[in-house]
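Position 1 is the first residue of the sequence; numbering continues from there.
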Amino acid sequence: MRDTLLPHWYESQRAARHAPSAPVRVSASCATRSFRTGTSLSELRDTLLPPGQATAFETIVARAVERGELPDVPRASRVVNLPLDLLRHDMFMMMRPASRGSLVEIVDEVWLPLLGVPGAPSASSAPAPPA
């Protein structure tokens, strides 16, 4: 599952380096539209994804379940789609594409443990934050 996702993310971030402000401009444009029309950004997102169509991350998880890489248990949509939310946050806050290290951290340290991937680091094995 990890080996399927990370190469695609690397490529998208490499492409974003050619127009580093594009994701920020798109986000700002969407926020402006949202403010003017009174619709939320989530409502705008919902218009881009047809009803009943799985998100990219829902498809990734479903395929991992089919391959036996993940147990077939219910998962919250927020958990399944968390990597994109974290990536979008990083890009918006830093105003540049996320680094490879950030992508690996999102997948290995946050998402895979939340999904219950066997052998993924757990939150309890992470180093304690500095005091």
Side-chain angles (χ1 to χ4, degrees):
M1 188 163 99
R2 177 186 192 275
D3 295 335
T4 302
L5 175 62
L6 284 174
H8 294 288
W9 267 21
Y10 294 156
E11 181 59 28
S12 71
Q13 293 303 290
R14 186 188 65 73
R17 292 192 197 312
H18 296 291
S21 64
V24 175
R25 287 195 314 261
V26 168
S27 294
S29 177
C30 289
T32 300
R33 178 193 177 279
S34 184
F35 179 75
R36 286 184 185 154
T37 62
T39 59
S40 70
L41 290 175
S42 66
E43 290 170 321
L44 175 60
R45 180 190 59 216
D46 292 345
T47 65
L48 300 174
L49 186 68
Q53 182 175 336
T55 67
F57 287 96
E58 290 167 345
T59 301
I60 290 168
V61 168
R63 289 179 180 165
V65 168
E66 289 171 6
R67 291 189 303 265
E69 296 173 357
L70 283 176
D72 189 7
V73 297
R75 292 180 173 84
S77 177
R78 185 177 300 265
V79 170
V80 171
N81 293 294
L82 184 62
L84 184 56
D85 294 338
L86 293 174
L87 176 63
R88 184 175 37 244
H89 176 268
D90 280 5
M91 291 173 64
F92 188 73
M93 296 304 289
M94 296 183 299
M95 299 188 74
R96 65 178 182 270
S99 69
R100 279 185 174 230
S102 181
L103 299 177
V104 169
E105 182 181 46
I106 289 169
V107 172
D108 289 353
E109 302 295 326
V110 179
W111 195 49
L112 295 180
L114 283 173
L115 291 176
V117 172
S122 68
S124 61
S125 67

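- Separating the CG atom in L86 from the CG atom in N81 is a distance of 11.0 Å, to the nearest 0.5 Å.
- Separating the CG atom in L114 from the CZ atom in R78 is a distance of 12.0 Å, to the nearest 0.5 Å.
- Atom CD of residue E58 and atom CZ of residue R75 lie 12.0 Å apart, to the nearest 0.5 angstrom.
- Between I106 and D90 there is a side-chain heavy-atom pair separated by less than 4.5 Å.
- The heavy-atom pair separating P71 from G116 by the smallest distance is CD-O, 4.2 Å.
- Side chain of W111 to backbone of V79: a donor-acceptor contact under 3.5 angstrom is found.
- Contact between A98 and M91 at its shortest, heavy atoms only, is N-CG, 4.0 Å.
- More than 12 heavy atoms of other residues, nucleotides or ligands shown are found within 6.0 angstrom of CZ on R67.
- Between the CD atom of E66 and the CZ atom of R63 there is a distance of 7.5 Å, given to the nearest 0.5 Å.
- Taken to the nearest 0.5 Å, the CG atom of L115 stands 9.0 Å off from the CG atom of L82.
- Closest of all the heavy-atom pairs between F57 and L84 is CE1-CB, 3.6 Å.
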